[in-house]
Amino acid sequence: MLLAFTDQGTGPVVVLLHGFPLSRAMWAGQIREWSGSYRVIAPDLRGHGESPAPDAVYTMDLMADDVVELLDGLGLAEPVVVGGLSMGGYVALALALKHPNRVRGLMLVDTRAAADEPETARRREENAKAVLAAGHPGAMVETMLPRLFSRSTFRRRPGIVPPIQAVMAETTAAGVAGALRGMACRPDRREQLREIACPTLVAVGEEDVISPPDEAKAIAEALPDGRLAVIPLAGHLSPYENPEAFDAAALAFLRDLHPHA
Ligand code: MLT
């Protein structure tokens with residue numbers, strides 16, 4: 001699968017994987033700020049943004065393989081830092097477990113290691129069918145939106161909500177259904193966290209209600225080399241809602257990995 005992607009800057013490679021149903025646009029701030037010291041590669045995962053949206057179940061392994069194919073295509077065989085938010089975090093985790101030799105460091109952001117609860121998986125299938133029937137994700141976007149952002153963001157920075165809403169609304173029905181079905185069948189990875197040898201930053205918005213701080217803390221504790229960063233005034237989209245605090249935590253992590261960058 002040929003993915004659309006942004007490739008900006010020079011230096012150690014950092015790959016950033018967006019959440020659902022978003023696109024690489026959510027990383028615009030990080031791409032701008034980090035590309036002075038790092039080569040930031042941010043793809044649109046299959047079914048999202050400008051990448052193709054085949055009728056299929058997009059398993060996390062499949063999306064991880066797409067990212068490895070992208071790295072191969074760019075001639076990047078050496079291990080890189082991979083960061084992912086929420087669904088992007090599920091993909092990053094799949095990539096680290098399936099292709100450990102490709103990952104130098106991991107950033108798991110506003111994400112989970114557990115599988116879906118049966119009720120969540122059932123709701124995803126309902127949503128997939130409804131979105132396919134409607135031909136667009138409009139209704140699902142309206143339901144999701146209030147849970148994505150923190151109360152603080154709605155109060156302090158309401159202007160940052162509409163651009164994300166627009167990206168979500170533009171995601172195709174096939175892309176939304178493929179990702180929902182892929183997330184619904186993702187395995188419980190909690191026991192496998194101990195296999196992840198690389199340094200890992202686990203970041204979470206302190207007001208994240210989708211992948212709450214308690215779960216992030218448990219992930220960080222289960223990892224052999226995990227560290228936790230709780231991002232204040234942010235919900236499920238912490239890098240976008242509070243880029244100053246997120247970038248400070250992420251850049252400190254990256255500097256420890258690459259002291260000379
Ligand atoms: C995301 O932000 O990627 C989604 O909320 C993930 C999910 O639905 O599990």
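In listed order, ligands and their atoms are each counted from 1.
Taking atom 5 (O) of ligand 1 as the reference point, the nearest protein heavy-atom neighbour is His236 NE2, 3.3 Å. Regarding atom 4 (C) of ligand 1, its nearest protein heavy-atom neighbour is Ser86 OG, 3.2 Å. Here the protein heavy atom with the shortest distance to atom 3 (O) of ligand 1 is Phe20 N, 2.7 Å.
Counting atoms of ligand 1 from 1 in the listed order, those under 4.0 Å from a heavy atom of Gly19 are 3 (O).
Not one N or O of Leu85 is nearer than 3.5 Å to an N or O of ligand 1, by distance alone. Remark: ligand 1 and Tyr90 share an N or O pair separated by less than 3.5 Å (distance only, no angle test). Ligand 1 has no nitrogen or oxygen under 3.5 angstrom from a nitrogen or oxygen of Leu148.
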- Item | Residues Ser150, Glu241; criterion side-chain hydrogen bond (donor to acceptor under 3.5 Å, both in side chains); working and verdict | CA-CA 8 Å; Ser150 64; Glu241 294 180 73; 3.0 Å; yes

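At least one side-chain heavy atom of Leu85 sits under 4.5 Å from a side-chain heavy atom of Met26.
Salt bridge Arg123/Glu126: absent, no basic N to carboxylate O contact under 4.0 Å. Looking at Arg46 and Asp65, no side-chain N of the basic residue comes within less than 4.0 Å of a carboxylate O on the acidic one, giving no salt bridge. A salt bridge does not link Asp61 to Arg186: none of the charged nitrogens lies less than 4.0 Å from a carboxylate oxygen.
Of the heavy atoms in Arg124, only side-chain atoms (C-beta onward) come closer than 4.0 Å to ligand 1.
Residue contacts with ligand 1 leave out Arg112, since none of its heavy atoms falls under 4.0 Å from the ligand.
At a cut-off of 3.5 Å, with distance as the only test, no side-chain donor of His236 or Asp110 sits close to an acceptor on the other residue. Under 3.5 Å, the side chains of Ser152 and Glu207 contain a donor-acceptor pair of N or O atoms.
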